[in-house]
Protein chains: 2
Amino acid sequence: MKNHLEALNKAFESRVRLGIMSLLMVNAAMDFGMLKEQLNITDGNLASHLNALDKLGYILITKQFIGKKPNTSYAATDHGRKAFSDHLDALERFISRSN
Amino acid sequence: MKNHLEALNKAFESRVRLGIMSLLMVNAAMDFGMLKEQLNITDGNLASHLNALDKLGYILITKQFIGKKPNTSYAATDHGRKAFSDHLDALERFISRSN
DNA sequence: TATTTAACTTTGTAATTCAAAGTACTTTTT
DNA sequence: AAAAAGTACTTTGAATTACAAAGTTAAATA
């Protein structure tokens, strides 16, 4: 495919992963429950998208206990921030050529 | 899913359909061969994406003969232009909140 | 002891994407 | 006239992706 369309990152073609990453760009960290609430998807679905981002090295997963409750929190890695920001740049370039 | 992420059009989550529509926004019409060359995909694949866009009423298909050769050309409908432009607007809004 | 909560994992299904092969119709070449 | 080639598909089949629902684990609470 010609154009600058190739610069788009396949990982962010999914609405859910786009949503997760944009939340993690703005918030230093978010836990499973917060993400689930914001994205309004099932926990299994959320877990699998988080797993996909983790495999790409885009997020860092931290498991801990807060008080007596288990808590897993997610943060964007530098690598993930770079990838996401590159993707947004590619989208911007794409948009500006398209109108 | 919260945010303005819902405003993204599912039809344009595919790189190929994004490419087709952006070509048809810029060029009043393109034929099968031109699209195939620009997008660099197999003809079956192209045909099926064109079919998807047609089913949504986003493109207009015109079959004719040019000289002795069959020629099918594709153009964006008003409805398609609106949908695509709305999608780009949603992307722009999304981007501006994300950095 | 039974139930609840958090965060998964597993299972199974449906949808999506794609390449490759096949088809229909016509034209060009042999 | 028969064979080959070109255009634009359609069909087939395989691989990938996405998702919901149910099951799992471990600790906490009733």
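No experiment lies behind these values; they were computed from the predicted model shown. Labels below follow one simple rule: chain letters A, B, ... track the order of the sequence lines, proteins then strands, and each chain is numbered from 1.
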Notebook entry, point to check: Over how many whole Å does the gap from A/Leu35 atom CG to C/dA7 atom C1' extend?
Noted result: 12 Å
Notebook entry, point to check: If you find the nucleotide of DNA chain D closest to B/Phe32 and the one closest to A/Ser14, which residue's nucleotide is nearer the 5' end?
Noted result: B/Phe32
Item checked: A/Asp86 with A/Lys82: basic N within carboxylate O range, under 4.0 Å -> yes
Item checked: Spacing of B/Met34 atom CE relative to D/dA8 atom P, expressed in whole Å -> 12 Å
Margin query: Does a side-chain N or O of B/Arg17 approach OP1 or OP2 of C/dT17 to a distance below 4.0 Å, or not?
Written below: yes
Notebook entry, point to check: What is the distance from CG of A/Asn71 to C1' of C/dC8, rounded to the nearest Å?
Noted result: 14 Å
Next item on the list: Provide, to the nearest angstrom, the distance between the CD atom belonging to B/Glu13 and the C1' atom belonging to D/dT17.
Entry: 12 Å
Next item on the list: Could you work out which one of D/dA8, D/dC19, C/dA19 sits closest to the side chain of B/Asn45?
Entry: C/dA19
Item checked: Distance in angstrom units between A/Ile41 CD1 and C/dC8 P, rounded -> 13 Å
Next item on the list: Calculate the interatomic distance between A/Leu46 atom CG and D/dA18 atom C1'; express it in whole Å.
Entry: 13 Å
Margin query: Measure CG/B/Asp43 against C1'/C/dA24 and give the value in whole Å, please.
Written below: 14 Å
Margin query: In this structure, how many angstroms lie between the P atom of D/dC19 and the CG atom of A/Asn40, rounded?
Written below: 12 Å
Notebook entry, point to check: Would you say D/dC9 has OP1 or OP2 under 4.0 Å from some side-chain N or O of B/Tyr74?
Noted result: yes
Checklist line | Pairwise 5' ranking along DNA chain C for A/Asp31 and B/Thr42, keeping only the more 5' one | finding: A/Asp31
Next item on the list: Report yes or no: does A/Thr77 contribute a side-chain atom to a donor-acceptor pair with the main-chain N or O of A/Gly57 at less than 3.5 Å?
Entry: yes
Notebook entry, point to check: Can you list, by residue number, the residues of residues 49-70 of chain A that have a non-hydrogen atom closer than 4.0 angstrom to DNA chain C?
Noted result: A/Lys63, A/Pro70
Check: How close do A/Leu24 and A/Arg81 get, heavy atom to heavy atom, and via which atoms?
Finding: O-NH2, 3.3 Å
Item checked: Transitive ILVMFWY side-chain link B/Leu5 to B/Leu88, under 4.5 Å -> yes
Checklist line | Minimum heavy-atom distance between A/Arg17 and A/Ala11, given as atom pair plus value | finding: NE-O, 2.7 Å
Margin query: Taking the six-membered ring for Trp, are A/Tyr58 and A/Tyr74 closer than 6.0 Å centroid to centroid?
Written below: no
Next item on the list: Give a yes or no answer on whether the side chain of B/His87 reaches the backbone of B/Asn9 with a donor-acceptor pair at less than 3.5 Å.
Entry: yes
Next item on the list: Give B/Thr72 one of three labels, base, sugar-phosphate or nothing, depending on what nucleic acid heavy atoms sit under 4.0 Å from its own.
Entry: sugar-phosphate
Next item on the list: Please figure out whether A/Ser48 or A/Lys10 has its closest DNA chain C nucleotide nearer the 5' end.
Entry: A/Ser48
